[in-house]
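Presented below is the structure to which this report refers.
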Amino acid sequence: MSTRKRPAFGALVYFMIAFAMCGYFTFAAVQGDYGLFRRAEIEAEEKALQAQLDQIESQVARMENLTKRLSDGFLDLDLLDQQARDVLGMIRSDEIVIR
C-alpha cells in the first residue's frame, strides 16, 4: 500500500496569491499612474512644452528689442520709419505710390 501525499491546499492558495500579487505589481509598474508608459508620456510632454517655451522666450526677446529700439533713450530711426510706413501708411514726400 503506497501512500501518496498530495500538496497541501494552503500551499497552493499561498502560491496563487503570491503569483497574483506579482502580476498586479508588474502591471502597475508598467501601465499604472506612475508606471513606465506614463513616464514616457510625461517626458514627451515635457519636450513639447520646452520647445513651446523656447519659442515664446524668443518672441519676448524680439519684442523687448523692438520696444527698446523705439524708446526715448535709444531711438532707431530706421525702425521708426518702418513702423510709420507699416502702421500709419505714411510715405515720404519724394516717393511715388503705385497700387
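Sequential numbering from 1 along the given sequence is applied to the chain's residues. In this text the structure is predicted, and so the values were computed from the model without any measurement. Any value given below was found using the heavy atoms of this structure, including those in side chains, with hydrogens, waters and symmetry copies removed.
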| Taking only residues two or more places apart in sequence or in another chain, which ones pass side-chain hydrogen bond (donor to acceptor under 3.5 Å, both in side chains) with Arg85? | Asp81, Glu95
| remark: Here the gap from Phe74 atom CZ to Asn65 atom CG, rounded to the nearest 0.5 Å, amounts to 8.0 Å
| request: Find out if a path of hydrophobic residues (ILVMFWY) with successive side-chain heavy-atom gaps under 4.5 Å connects Phe9 to Ile17. | output: yes
| said: Working to the nearest 0.5 angstrom, can you tell me the gap between Lys68 NZ and Glu64 CD? | reply: 10.5 Å
| note | So OG of Ser58 and CG of Leu53: to nearest 0.5 Å the spacing works out to 9.5 Å
| task | Check which hydrophobic residues are tied to Leu12 through side-chain heavy-atom contacts below 4.5 Å, counting indirect links as well, and list them. | result | Met16
| said: Is there a path of hydrophobic side-chain contacts, each under 4.5 Å between heavy atoms, that joins Tyr24 and Val13? | reply: yes
| task | Give a yes or no on this: more than 12 heavy atoms of other residues, nucleotides or ligands lie within 6.0 Å of atom CD of Glu43. | result | yes
| query | Do Tyr34 and Phe27 share a hydrophobic cluster (ILVMFWY, side-chain heavy atoms under 4.5 Å, transitive)? | reply | no
| message | Connecting only ILVMFWY residues whose side-chain heavy atoms lie within less than 4.5 Å of each other, what is the rest of Val60's hydrophobic cluster? | response | Ile56
| query | Can you list every pair that meets salt bridge (Lys or Arg N to Asp or Glu O under 4.0 Å) and has a residue in residues 17-38, with sequence neighbours left out? | reply | Arg38-Glu41
| Restricting to pairs with a member in residues 51-62, which pass salt bridge (Lys or Arg N to Asp or Glu O under 4.0 Å), not counting sequence neighbours? | none
| request: Report the distance from atom CZ of Arg69 to atom CG of Leu77, rounding to the nearest 0.5 Å. | output: 11.0 Å
| said: Using the rule that Ile, Leu, Val, Met, Phe, Trp and Tyr join whenever any side-chain heavy atoms are under 4.5 Å apart, tell me whether Leu80 and Leu66 fall into a single cluster. | reply: yes
| query | If you link I, L, V, M, F, W and Y whenever their side-chain heavy atoms are under 4.5 Å apart, who else ends up in the same group as Phe15? | reply | Tyr14
